[in-house]
Amino acid sequence: MAPAPIEEVQPSTKPVTSFSPKTCLELVDQLTPDQILREAQYALDSDLLALLTRATRSGATSQPDSKRLSEELKSHFKTMSENAHKPTFNFETLTSGISREIDQTTERLHQANSEMEKLQEQIGAAQQLLREVTRTTSPPASPTLSTGTTSSTPGTVPFEKLGAAEFVNFKAEDLDASCTYDRTYRNRRVAFYGEFPYRYPGGHHKARPIAENSYLKGIANELSKSHPTLDFNSAMVTKYDSPDSSIPPHSDDEECIVPDSSIVTLSLGAARQVIFRRKLPGEYKRQVITLEHGQVYVMSRASQEDWDHSVPPVKRADFQGLRLSVTFRLLRKPTIAPPVSAPPTGNSSTSKTTQAPIRKVLILSDSKV
Ligand SMILES: O=C(O)CCC(=O)C(=O)O
Ligand SMILES: [Fe+2]
């Protein structure tokens, strides 16, 4: 059977009236449910009407064309129903927009990071330059001995050099011959004499009084006579008898040295250098003194917190021979730990010397070894 011809449908002849959105809403409010349905149907029809009009105008009366028209209608309805459920914003557009923003921000972050790295490099170079300039241009500090219990300020030096006259007649060889050395380090020997034992990182010495009428006693007596304010109760003789003989950087900061006392060193024999370094972080200062025979230098115990000192090795060709130093210190009376098994006495007025327990500590500071 031949398909019925499609009648041409005239577009709606309804008069076109324009309403403001407000009026439209008011009108919709007044419609009954049936009227709303009819209006919706009309809106839908007007789309269909337009399609049918287009199809008939183009003479689509044959079967294949009517099939095409029906396909077109189906696809039209499909699109309409899909659009009806689509959200008002496009999710994909939104996410791709956001990821583009993220990419741009990340790129800007990378640029900022590399700028920051460049700046840090420049700051490092500037700091290095400043250190160099400070090292080469800082004027020598005035030789003010940093004494007292507080730490020294960068402007002061940790030693004071005293005159040599009183000790020039003492001989390094004679002192060496009269000493009994009680410790031998890698390249120097040490003889300790004192009322109390002396313990430091890397070594310790038992108490051993300076013998009356000994050569060392003569030196100690001379020191007490010529510098009566310098108080000491021990003397340590160090023997440097080769170019390698040296003492590494260290501080005489042991607890057993009386905190506000002075540490006095006499140099006998060949001249050697002593190097002082300020050891606080961020502060660079170095002082070198050359000690001749008979010279004395004094350091405060407090300065040991901020400075270290050393006697470096010398070149073989520069080695001038035997040097002995004698270091006088004021040591504390050691505290005695109570016997481990002793029952509690219940006596709260226990003497101070029996209170401190023996503690084993791992010492990580530099040593005199
Ligand atoms: O020999 C010197 O001048 C330094 C000795 C010294 O630093 C020490 O015995 O602690
Ligand atoms: Fe020392």
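In each ligand, atom 1 is the first atom listed, and ligand 1 is the first ligand listed.
If you take CH2 on Trp307 and CD1 on Ile275, they are separated by 12.5 Å, rounding to the nearest 0.5 Å.
Summary: NE2 is the N/O/S atom of His250 found nearest to the Fe ion (ligand 2). Looking only at its N/O/S atoms, Asp252 has OD1 as the one nearest to the Fe ion (ligand 2).
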Which N/O atoms of ligand 1 sit under 3.5 Å from a protein N/O, and at what distances?
residue, atom, partner, partner atom, Å
ligand 1, 1 (O), Tyr240, OH, 2.6
ligand 1, 1 (O), Arg323, NH1, 3.0
ligand 1, 1 (O), Ser325, OG, 2.8
ligand 1, 3 (O), Tyr297, OH, 2.7
ligand 1, 3 (O), Arg323, NH2, 3.0
ligand 1, 7 (O), His250, NE2, 3.2
ligand 1, 7 (O), His309, NE2, 3.1
ligand 1, 9 (O), Arg329, NH2, 3.4
ligand 1, 10 (O), His250, NE2, 3.1
ligand 1, 10 (O), Asp252, OD1, 3.3
ligand 1, 10 (O), Asp252, OD2, 3.3
ligand 1, 10 (O), Arg329, NH2, 3.0

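Within 6.0 Å of the CZ atom in Arg208, the count of heavy atoms belonging to other residues, nucleotides or ligands exceeds 12. Arg286 CZ: 12 or fewer foreign heavy atoms inside a 6.0 Å radius.
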Under 3.5 Å, which donor-acceptor pairs link side chains of residues 161-177 to any protein atom two or more places apart or in another chain?
residue, atom, partner, partner atom, Å
Lys161, NZ, Thr290, O, 3.1
Asp176, OD1, Tyr181, OH, 2.6
Asp176, OD1, Lys239, NZ, 3.2
Asp176, OD2, Lys239, NZ, 3.2

Please tabulate, for side-chain N and O atoms in residues 191-198, each donor-acceptor pair with protein atoms closer than 3.5 Å (sequence neighbours left out).
residue, atom, partner, partner atom, Å
Tyr193, OH, Thr180, N, 3.0
Tyr198, OH, Glu254, OE1, 2.7
Tyr198, OH, Arg329, NE, 3.2
Tyr198, OH, Lys368, NZ, 2.5

In a table with atom names and distances, give each donor-acceptor pair under 3.5 Å that connects a side chain of residues 310-317 to protein atoms at least two apart or in another chain.
none

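Using the six-membered ring where Trp is involved, Phe276 and Phe159 have ring planes that are parallel, under 30° apart on the 30 and 60° scheme.
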